[in-house]
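Comments concern the structure below.
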Amino acid sequence: MNTPNDNLQKPTLQNALELGLRQDEWEKIIELMGREPNFTELSMFSVMWSEHCCYKNSIAWLKKLPKDGKHILAKAGEENAGLVDIGGGLGCVFKIESHNHPSAIEPYQGAATGVGGISRDIFTMGARPVASLNSLRFGDFNHPNTRNLVKGVVKGIGDYGNCFGVPTVGGEVYFDESYNINPLVNAFSAGIVELGKTVSATAKNPGSKVYIVGSATGKDGIHGASFASADITEDSAEELPSVQVGDPFMEKLLLEATLEAIDAGCVAGMQDMGAAGIICSTSEMSEKGKVGMKIDLNKVPTRQTNMKPWEMLLSESQERMLVVVEKGMEKTIERIFDKWDLNCAVIGEVIEEEILEFTFNNELIARVKPVNLVLGGDSPVYHRTMTEPKYFEEIKKFDIENIDEPKEDDLKAIAKKLAAQPNIASKRWIYEQYDSMVQVRNQTTNMPSDASIVRINGTEKALALTVDCNPYYIYANPEIGTAIAVSEAARNIVCSGGEPMAITNCLNFGNPYNEEVYYQFAHAIMGMKSACEKFGTPVTGGNVSFYNQSSDVGPVLPTPTIGMMGLLQNHENKMGIAFRKVGDLIYLLGKNVNDLASSQYLIHHHSVKNSPAPYFNLDEEFDLHQLVREVIAEKLVVSAHDISEGGLFMNLLESAMINDLGCDIEMKDDGMRIDALLFGEAQGRVIVTVKPKHQAAFEALCKKDIVPVELIGSVTTGDISINGVEFGRSRHFKTVYDSALEEIMNQN
């Protein structure tokens, strides 16, 4: 067997530790290779065995999540993204991933390359991206860096998505001091592909040529995967070279060239060069195909001179793909990429032996088995110990009776205060920087709904897409809170007229070696599992992002973001949230509970952060969804809106102010506190409106169900009135609701 020569310094255990490996991992590498690695090989292991690439502290739990479903065509871990059959010979490819650490250091490029990377995961599989969403978390606005982070991240997302030509159709944003140093930037993308035209990230056919296509390789992003697998510290700014630099115009060219090459039958296998660059793509594709590769690094197009071999292997330069080309199609793919003015260089070939060999200047500089490097192969798997968080003791002490109930005269002021809270108020300042109408598929802008609705050209179908996670609920109870996140995502899709089909997730937590953080993570998986099984929404993949913490603040609030896709068989069945006409009847579906736990009202009006998760019952939630789907399918309702942040009052306000309407509400209080009735966030509730002519049919259908249904009022032209409390015109709240975030962002 050939042994690589390496002119670089022979590495030591200390070098391995400095690269983020542990002593036992260093010893395992030597055991697997039968010798000590050289520096290039050690660098390869350091990124491939990082948390970001091999999920060594999470994979044991991730395997517990449901992956099978009647619509699933590509399960979690099988391809770059999930693939769901949506009928008519079409599939939806979708995924969510994080770009947290890069965005903390360089918010513009960190966020922009997050959008670019997740988009490549979609079109690498042969799908054309049709929609983007994002889930963002930032610190308290009193922190000096928050506004700069928000501006940089939003501009990065907007500039990249707008130039690339894919609409940003929805998302969510939260602000909390736990994210002061470490923001979260989770990017979601979905695309449409004809079934039978998908491409696998698998190398095959020994003798086939291996190409690198797209941008030239530079030194940006080197050790980016390792950087994403460590805590944020005051020295993290020195890791700026670990942040990639994006070019959306290049990405657009790469998209069109890639899809053309697939249509021409050139591509045998392909993978995006994301985290860990060339070494990740070559090892994962080879292992999946049970083959190997010989790669000549001298043939890699570079944009910087004198790049070292390990720099080329680890670079995370953007807008690049690794392609295994069908034999005989080499000239065709070269012609296609030349037409689009993109690099298309042969850098090696597929070999039968399951080994990776990298040469440089005619010298073998690295030789390693793909199985040694990859997730599911020989990469380490850890079973961490966990401890119930100490702050749970404070949560257990919570008693609603210790919270002062407001006077009736104070309710209007409290409602206006909540409407101006950044976690509740309109995010218009953000989404107006995104192009939501490019490709002319999105209906959400013209008719607001709980989920984003994206038409599928050439069909009557539409996708229903949403991202959801209330981190306060997860903090209070990771298992229940995560089940709520899945349930709310499904509820949003159901209320929009869709059928939930599958999820992707982005699991954002602190350091997994912290036993309390690991408790949060493990119990979040338990909650996700139970809810996904209940709703029949298997997990198609996603991303684990640990180490979201800093020495100053500690870990961020646990944030397991749920990205869910659903389907409308006919886009005309879309349901919006807006009250439509004076005189329409307003019904509450689901039961009211005397509950204030983890509500924005409790957090921001009473400054109480330690309280339980809000009331939630998974069986009741499931029954509610079935009823909502049925009344929408029977065309018995004209609006539907789930009750979430801000409680019943914010639900009614958001529905009323779109068309400058009001409502007159009289509800059975059943001994409930007025603040729990108005602002409590108990789960499993939806407000619908019904035309008077459909009242009898609506009530007759509801009587067949076990879900509580209550006629609570009607739509008016006047004030919002609830149980005799007059709140004033919705338009007066709309001014505050629409301008709050913009005013905060424009402060000096």
Side-chain angles (χ1 to χ4, degrees), residues 80-81 93 109 112-113 115-132 159-167 189 191-194 197-201 203 208-218 220-221 244-274 277-278 281-282 285 295 299-304 312 315-349 435 438-439 457:
N80 285 334
V93 178
Q109 289 294 351
T113 52
V115 174
I118 196 65
S119 299
R120 285 194 302 279
D121 280 338
I122 303 307
F123 70 79
T124 299
M125 289 182 63
R128 180 173 291 277
V130 297
S132 294
D159 285 359
Y160 201 101
N162 296 351
C163 293
F164 180 49
V166 174
S189 184
I192 301 296
V193 64
E194 291 184 42
K197 291 189 176 181
T198 56
V199 173
S200 176
S208 297
K209 300 300 181 184
V210 178
Y211 283 73
I212 189 170
V213 300
S215 292
T217 298
D220 53 313
Q244 308 90 334
V245 178
D247 183 343
F249 299 104
M250 181 71 76
E251 179 110 336
K252 175 62 174 174
L253 296 176
L254 184 59
L255 164 66
E256 300 301 339
T258 298
L259 295 183
E260 184 175 340
I262 292 170
D263 284 341
C266 298
V267 180
M270 178 165 53
Q271 181 162 323
D272 164 43
M273 285 189 191
I278 291 175
S281 300
T282 54
M285 289 185 72
I295 302 295
K299 295 182 178 179
V300 174
T302 59
R303 60 172 179 261
Q304 289 168 279
M312 282 186 266
S315 168
E316 295 181 11
S317 294
Q318 298 292 283
E319 293 87 41
R320 299 179 303 156
M321 305 284 203
L322 191 75
V323 184
V324 175
V325 175
E326 293 282 5
K327 293 178 182 178
M329 299 299 291
E330 294 85 1
K331 295 299 182 185
T332 303
I333 196 170
E334 289 169 9
R335 187 166 57 250
I336 290 170
F337 276 84
D338 182 62
K339 181 184 78 171
W340 291 98
D341 197 24
L342 293 170
N343 289 313
C344 183
V346 180
I347 63 171
E349 69 175 37
D435 187 341
V438 64
Q439 299 187 23
N457 288 349

Inset, instruction - Starting from the C-alpha separation in whole Å, work towards a yes-or-no answer on salt bridge (charged side-chain N to carboxylate O under 4.0 Å, His left out) for R128 and E256. - result: CA-CA 9 Å; R128 180 173 291 277; E256 300 301 339; 3.0 Å; yes
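A distance of 11.5 Å separates CE of M329 from CD of E334, quoted to the nearest 0.5 Å. Note: T258 OG1 to M321 CE = 4.5 Å, rounded to the nearest 0.5 Å. To the nearest 0.5 Å, atom NZ of residue K197 and atom CD of residue E194 are 4.0 Å apart. Interatomic distance, M312 CE to I212 CD1, rounded to the nearest 0.5 Å: 10.0 Å. Rounded to the nearest 0.5 Å, atoms CG (L254) and CZ (F164) are 8.5 Å apart. The OG1 atom of T302 sits 9.5 Å away from atom CG of N343, with the distance rounded to the nearest 0.5 Å.
Side-chain contact between L322 and T282: present, with at least one pair of heavy atoms (C-beta onward) separated by less than 4.5 Å. Within the 4.5 Å cutoff, the side chain of C344 has no heavy atoms near those of the D338 side chain. For the pair C266 and I336, the minimum side-chain heavy-atom distance is below 4.5 Å. No side-chain heavy atom of S119 sits less than 4.5 Å from a side-chain heavy atom of V166. Contact of the T217 side chain with the S315 side chain is registered, since non-hydrogen atoms from C-beta on lie closer than 4.5 Å. The shortest distance between side-chain heavy atoms of W340 and E260 falls below 4.5 Å. Contact check for M270 versus I262: side-chain heavy atoms found under the 4.5 Å cut-off. Using a 4.5 Å heavy-atom cutoff, the side chains of S215 and D247 are not in contact.
Put simply, the side chain of N162 gets close to the backbone of D435: a donor and an acceptor are under 3.5 Å apart.
Salt bridge status for K209 with E330: absent, with no side-chain N to carboxylate O gap under 4.0 Å.
Closest approach of V325 to S208, counting heavy atoms only: O-CB, 3.5 Å. In plain terms, the two heavy atoms of S317 and G218 that are nearest each other are OG-N, 2.8 Å. A261 and F337 make their closest contact through CB-CE1, 4.1 Å (heavy atoms, listed as atom of the first residue, atom of the second, distance). For T124 against Q271, the heavy-atom pair with the smallest separation is CG2-CA, 3.6 Å. Listed here is the closest heavy atom pair of L259 and F123: CD2-O, 4.1 Å. The two residues D121 and N80 make their nearest non-hydrogen contact at O-CB, 3.7 Å.
Screening M125, E319, R320 for a side chain to side chain contact (heavy atoms under 4.5 Å, CB included) with R120, the sole residue that qualifies is E319.
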